[in-house]
Amino acid sequence: NGQTLSGNEKDRMVIPPILLERIVSVDEQKGVIYYTVVNPGLFTYQVHSHLGKVTFRKITDNDDDDDMIEMIWEVEIRPMSNLESFVQFFTSGIIATLARNFKCHLEEPGAMVSVKRSILEQTISLSQPWT
């Protein structure tokens with residue numbers, strides 16, 4: 001979860017690692033949100049540039065009358081030298097964790113997501129899909 005600390009309603013602070021994200025644009029008709037990291041650096045997010053795109057689209061199951069929403073999260077990054085593998089692993093883990101938390105929130109609004117896990121369980125969960 002993020003907090004608005006900059007006074008700009010399009011910004012949110014992600015703690016840890018104290019990232020400041022900013023919404024660049026929202027296309028409600030297409031269900032697309034573009035955002036960027038405002039404060040990349042050696043101690044926050046080791047990239048020169050970052051652009052994220054989150055797309056929401058409705059999926060209708062022909063066997064069922066229930067519609068589902070698919071979330072597609074894409075990130076373009078330009079990692080700092082010699083940190084490419086770390087940044088890719090870190091980014092994938094963060095996206096998987098946030099997507100899993102978002103799914104939990106949609107399924108049960110207000111529910112708490114358990115974080116009481118061992119370091120090994122936390123590390124393994126970073127690389128697991130959120131389905």
Problem set entry | Intermediate values then yes/no, side chain to side chain contact (heavy atoms under 4.5 Å, CB included), Val47 and Val87 | CA-CA 8 Å; Val47 298; Val87 169; 3.6 Å; yes
Return the set of residues passing salt bridge (charged side-chain N to carboxylate O under 4.0 Å, His left out) with [X] (not counting sequence neighbours), or none when no residue passes.
X     : result
Arg57 : Glu70
Glu28 : none
Lys30 : none

For this session: Check for a donor-acceptor pair, side chain of Gln29 on one end and backbone N or O of Asp27 on the other, with a separation under 3.5 Å.
Result: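 No.
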Exercise. What pairs with Tyr34 under side chain to side chain contact (heavy atoms under 4.5 Å, CB included), at least two apart in sequence or on another chain?
Worked result: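 Side chain to side chain contact (heavy atoms under 4.5 Å, CB included) check on Tyr34 returns Val24, Ser25, Val32, Leu51, Lys53.
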Problem set entry | Within 6.0 Å of CD in Glu76, more than 12 heavy atoms from elsewhere |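 No, because the 6.0 Å sphere around CD of Glu76 holds 12 heavy atoms or fewer from other groups.
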Problem set entry | Qualifying side-chain hydrogen bond (donor to acceptor under 3.5 Å, both in side chains) pairs with a residue from residues 36-51, counting only residues at least two apart or across chains |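 Listed once each, the pairs are Tyr45-Thr91.
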Problem set entry | Residues that Phe86 engages under ring pair (Phe, Tyr, Trp, His ring centres under 6.0 Å), provided they are two or more places apart |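 So Phe86 forms a ring pair (Phe, Tyr, Trp, His ring centres under 6.0 Å) with Phe90.
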Problem set entry | Shortest non-hydrogen contact between Pro79 and Glu84, atoms and distance |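 That would be CB-CA, 3.8 Å.
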Exercise. Looking only at heavy atoms, which two atoms of Val38 and Arg22 are closest? And how far apart?
Worked result: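 Looking at all heavy atoms of both residues, the shortest contact is CG2-CB, 3.5 Å.
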For this session: Carefully, step by step, assess Met13 and Ile18 under the rule side chain to side chain contact (heavy atoms under 4.5 Å, CB included).
Result: CA-CA 6 Å; Met13 181 71 71; Ile18 309 180; 3.6 Å; yes
Would you give the length of the straight line joining atom [atom1] of [X] to atom [atom2] of [Y], rounded to the nearest 0.5 angstrom?
X     : Y     : atom1 : atom2 : result
Glu74 : Ile72 : CD    : CD1   : 6.5 Å
Leu83 : Ile77 : CG    : CD1   : 10.5 Å
Tyr35 : Trp73 : OH    : CH2   : 5.0 Å

